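Scroll down for the structure; my scribbles are underneath it.
Each chain gets a letter, A, B and so on, in the order the sequences are listed, and its residues count up from 1. Nothing here was measured: the structure is a model prediction, and the numbers come from that model.
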Number of protein chains: 2
Amino acid sequence: MKIDFDGIQAFVVIAELGGFNKAAEHMHVTQTALTRRIQKLESYLGLKLLDRTTRYVELTAVGRDFLPQARVIVSEMTAAVGRLKDMSKYSRGSFTLACVPTMAAHILPKLIREYAETSPKNRIRLLDATSYEVRDAVLSSQAELGIGVHGEQHPDLIETPLFDDPLMFFCRESNPLSRMKSVTWSDMSGAELIVVSNLTATRVFMDYQLAKRGISLSGAYEVQHHATAISLVAAGVGCAILPASTFQEGDRPGVRRIPLVSPVVKRKVILVRRRNSTLSPAAEAFYELVKRTHGKIDQETAPD
Amino acid sequence: MKIDFDGIQAFVVIAELGGFNKAAEHMHVTQTALTRRIQKLESYLGLKLLDRTTRYVELTAVGRDFLPQARVIVSEMTAAVGRLKDMSKYSRGSFTLACVPTMAAHILPKLIREYAETSPKNRIRLLDATSYEVRDAVLSSQAELGIGVHGEQHPDLIETPLFDDPLMFFCRESNPLSRMKSVTWSDMSGAELIVVSNLTATRVFMDYQLAKRGISLSGAYEVQHHATAISLVAAGVGCAILPASTFQEGDRPGVRRIPLVSPVVKRKVILVRRRNSTLSPAAEAFYELVKRTHGKIDQETAPD
DNA sequence: TGGAATATATGCGCAGATCGCAACAAAATC
DNA sequence: GATTTTGTTGCGATCTGCGCATATATTCCA
């Protein structure tokens with residue numbers, strides 16, 4: 001037979017308020033209903049929980065034993081359900097967002113600020129990781145959403161393009177190229193290039209795009225992170241080819257960011273979620289916010 | 001709207017077993033029923049808890065959050081209800097018995113032994129107290145049952161007479177009266193009497209019975225407990241008038257217990273419970289056991 | 001590419017649970 | 001002894017939850 005939560009809840013309220021009528025009023029049902037719930041519960045258990053005359057209600061010995069347990073169960077239950085209803089009603093709760101470090105520094109602060117306006121109580125657990133790890137995190141549900149770079153399409157991922165992030169040329173003001181409006185790939189054949197590790201999506205993407213066009217460059221230095229590359233540029237070690245978003249105008253005095261053309265090579269920044277998985281309301285709200293404010297019309301992500 | 005325990009339980013089992021069919025089998029219902037329970041729960045909460053294709057069932061982010069809480073609630077609930085059903089089914093559990101010390105030493109060991117045969121797992125919490133305290137304990141539900149001495153009838157107590165406990169004369173073998181088959185109250189006018197404190201029911205009862213008959217005795221010593229009185233008798237300090245049950249034949253070498261007649265004065269040992277209160281099954285079993293093995297036909301407890 | 005197998009969802013109808021109303025019964029109060 | 005208060009019971013209406021049969025979706029495998 002099935003466990004009768006209503007009966008137990010009725011028991012707790014009656015015991016607490018000391019009477020069927022008071023409890024009935026409190027629970028917005030008739031007192032009749034409570035009488036029957038208790039009768040049903042007692043007959044199910046084979047025990048009396050309440051000794052009741054027409055005048056007084058009093059706990060039996062068993063009822064006294066059971067009351068504290070019942071109270072705990074009922075309050076835990078109502079609290080847990082209440083939390084869930086809050087989540088659905090007000091999109092409350094927290095969720096995990098996986099994000100590549102560049103974007104975490106670039107667009108995320110603004111997004112988080114906007115999100116905080118509509119959902120001030122929500123927390124975003126940020127998982128900063130490489131583009132591959134972002135995909136994995138979303139696929140394995142470690143994160144509900146991801147912000148990464150478009151790579152190989154995965155059938156279980158839904159990607160929303162956010163914006164294009166062209167590769168640009170970074171150098172010091174002292175560099176001869178620094179005054180040009182734009183530079184071409186062939187311009188940098190002799191440069192001391194700082195490139196990021198070929199374990200990063202940016203590098204793989206860049207190599208792929210260049211190989212496709214028969215351009216080959218020599219990398220003098222290889223670093224792990226975009227931020228390191230920028231620092232090296234600032235320190236005068238060399239020049240770098242990095243996504244535009246790595247750098248905000250004015251971030252680093254003395255460092256110039258120059259468009260790189262012929263061809264313009266762009267990586268696509270995407271918002272990603274798992275297909276066939278339901279987002280928590282908190283994540284859903286973020287997803288919609290990002291799509292609304294930054295999403296482009298879904299388009300083919302082939303280059304050029 | 002009412003909280004749906006079944007739905008939550010279904011959720012837990014489905015999540016745990018990884019499928020509706022397995023869960024349905026485990027719970028001895030059809031898979032249809034579970035589908036509906038989850039649908040109802042989800043629509044009540046306004047949240048999806050399970051992402052399910054016709055092939056796989058998988059927790060949503062919210063479901064993953066909720067599962068551990070739900071598991072705890074469900075297991076606490078089923079455990080608590082299980083304990084209660086055990087109580088009713090097998091009269092399991094413990095209860096509190098208030099008992100005067102004399103009887104705790106006299107009949108209780110046997111009763112407890114008998115009770116342990118039928119209900120070996122049950123524990124009796126023993127509250128040893130004066131006869132007044134026994135009544136109070138039962139009236140205030142600190143104890144479900146009491147073993148005491150009949151005094152003033154209380155409308156909220158149900159008393160079952162167990163046996164009569166006549167006052168007897170206790171002395172050493174060296175005492176001149178020790179060889180008599182019985183002694184009368186007048187026989188002990190000159191004796192060095194040890195009496196128990198007038199705070200005890202025995203003393204009050206004795207005084208009342210004697211006053212009624214115009215007999216007056218002088219008490220040379222006054223002690224708190226029957227056991228002390230016996231010890232003093234054994235030590236040769238004097239003689240005592242005590243309930244017969246204080247003493248088992250052979251308990252104390254050198255001490256004689258002699259019937260006290262003209263008149264025979266008896267206190268009534270009673271089993272007592274509260275009127276209009278339901279006993280726990282464990283207490284009920286004890287109550288029935290005692291009534292069956294020691295109860296006399298309910299009779300007027302007036303003396304003589 | 002198209003069944004076979006497997007797993008969840010749905011239409012439908014029945015049985016029982018639950019509720020509210022009204023009347024009743026018992027205990028306390030005045 | 002009437003009145004008030006409070007729990008219980010009879011009854012009818014409604015709602016809930018279930019199972020059966022069937023539909024639908026997905027995967028597997030030939």
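- Atom-to-atom, CZ of B/Phe11 to C1' of C/dT8 comes out at 17 Å; the value is rounded to the nearest Å.
- Atom pair B/Glu25:CD and C/dA7:P shows a separation of 11 Å (rounding to whole Å applied).
- Atom C1' of nucleotide C/dA17 and atom CG of A/Asp4 are separated by 11 Å, given to the nearest angstrom.
- Enclosure of atom CD in B/Glu25 is not indicated, since only 12 or fewer non-hydrogen atoms of other residues, nucleotides or ligands lie within 6.0 angstrom.
- Between A/Glu284 and B/Lys48, none of the side-chain N atoms (NZ, or NE/NH1/NH2) sits under 4.0 Å from a carboxylate O, so this pair counts as no salt bridge.
- Considering every non-hydrogen atom in both A/Arg274 and A/Ser141, the closest pair reads NH1-OG, 2.8 Å.
- Atom CD1 of A/Ile3 and atom C1' of D/dG17 are 17 Å apart (whole Å).
- B/Leu17 places its CG atom 19 Å from the P atom of C/dT6, with the value rounded to the nearest Å.
- For B/Thr35 and B/Gln31, the side-chain atoms include at least one donor-acceptor pair closer than 3.5 Å.
- A straight line from CE of A/Met27 to P of C/dT18 spans 13 Å, rounded to a whole angstrom.
- Nucleotide C/dA28 holds its C1' atom 14 Å from the CG atom of B/Asn276, rounded to whole Å.
- Screening B/Leu47, B/Ile8, B/Leu50 for a side-chain contact (heavy atoms from CB on, under 4.5 Å) involving B/Leu41 leaves a single residue, B/Ile8.
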> With the sugar-phosphate defined as primed atoms, P, OP1 and OP2, and the base as all remaining atoms, what B/S/- string results for nucleotides 7-16 of chain D, 5' to 3', for protein heavy atoms under 4.0 Å?
Replying inline: BBBBB-----
> Taking it one step at a time, do A/Asp51 and B/Thr278 satisfy side chain to side chain donor-acceptor pair (under 3.5 Å)?
Replying inline: CA-CA 7 Å; A/Asp51 274 324; B/Thr278 308; 2.4 Å; yes
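- Atom P of nucleotide C/dG16 and atom OH of A/Tyr44 are separated by 19 Å, given to the nearest angstrom.
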